[in-house]
Amino acid sequence: MLIEVLKSKIHCAHVTEANLNYMGSITIDEDLMDAANMIAGEKVQIVNNNNGERFETYIIKGKRGTGCICLNGAAARKVQVGDVVIIISYALMEFEEAKTYQPVVVFPDEHNRQ
């Protein structure tokens, strides 16, 4: 049996940009992606701590070292620059594997750096 479990999370990142006129996605600094074991194209859930919004999208690589957290397209309407978001990815695992799996959790600073 497969179950869906937390794979990785970027906890309390600050939104640096909201770009309504771009096809949907979230752009994440590639350093944060690496630290959180996330890849381009991966489906993620976004939780906005400021307004309670929860939605799903996919990742686009952002330039390394910039601290970029940019919501694009329709998702840009669910955030404001400066909002604090949690970016969550999940994975399907066998039940026994999931019992011992340790998710990766990244706690960026106020500039979205580790």
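All values below come from the heavy atoms of this structure, side chains included, with hydrogens, waters and symmetry mates left out.
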Quick one: pull up CD1 in Ile28 and CG in Leu71 and give me the separation to the nearest 0.5 Å.
-> 9.0 Å

One should read off an interatomic distance between Met33 CE and Ser8 OG, to the nearest 0.5 angstrom, of 10.0 Å

Is there side-chain contact between Gln80 and Asn51, with heavy atoms separated by less than 4.5 Å?
-> no

Considering all heavy atoms, the nearest Pro108-Val106 contact | CD-O, 3.3 Å

Phe55 reachable from Val85 in the ILVMFWY side-chain graph, under 4.5 Å edges = yes

Inter- and intrachain pairs under salt bridge (Lys or Arg N to Asp or Glu O under 4.0 Å), touching residues 98-114, at least two apart | Glu96-Lys99

Are Ile86 and Leu6 linked, directly or through other ILVMFWY residues, by side chains that come within less than 4.5 angstrom of each other?
-> yes

Check whether any side-chain N or O of Asn50 sits under 3.5 Å from a backbone N or O of Val79 as a donor-acceptor pair, and report yes or no.
-> no

Do any N or O atoms from the side chain of Asp29 and from the backbone of Gly65 form a donor-acceptor pair under 3.5 angstrom?
-> yes

How far does CG of Leu32 sit from CE of Met38, to the nearest 0.5 angstrom?
-> 9.0 Å

Salt bridge (Lys or Arg N to Asp or Glu O under 4.0 Å) partners of residues 36-48, not counting sequence neighbours, each pair once = Lys7-Glu42, Lys43-Glu56

What about Val44 and Leu92, same hydrophobic cluster or not, with Ile/Leu/Val/Met/Phe/Trp/Tyr joined at side-chain heavy-atom distances under 4.5 Å?
-> no

Under 3.5 Å, side chain of Asn112 to main-chain N/O of Cys68, donor-acceptor pair present?
-> no

How close do Gln114 and Ala35 get, heavy atom to heavy atom, and via which atoms?
-> OE1-CB, 2.9 Å

Decide yes or no on salt bridge (Lys or Arg N to Asp or Glu O under 4.0 Å) for Lys78 and Asp83, but give the supporting numbers first.
-> CA-CA 10 Å; Lys78 298 191 175 284; Asp83 282 358; over 6 Å; no

Which atom of Glu94 lies closest to which atom of Met1, heavy atoms considered = OE1-O, 3.2 Å

Honestly curious: do Val104 and Ile87 fall in one hydrophobic cluster under the side-chain, below-4.5 Å linking rule?
-> yes

Atom CD1 of Ile3 and atom CE of Met93: how far apart are they, to the nearest 0.5 Å?
-> 8.5 Å

What distance separates Ile59 CD1 from Ile26 CD1, expressed to the nearest 0.5 Å?
-> 7.5 Å

SG (Cys70) and CD1 (Ile60) are apart, to the nearest 0.5 Å, by 8.5 Å

Atom pairs and distances, side-chain donor-acceptor, residues 10-23, under 3.5 Å, sequence neighbours left out:
residue	atom	partner	partner atom	Å
Thr16	OG1	Ile69	N	3.0
Thr16	OG1	Ile69	O	3.1
Asn19	OD1	Asn21	N	3.2

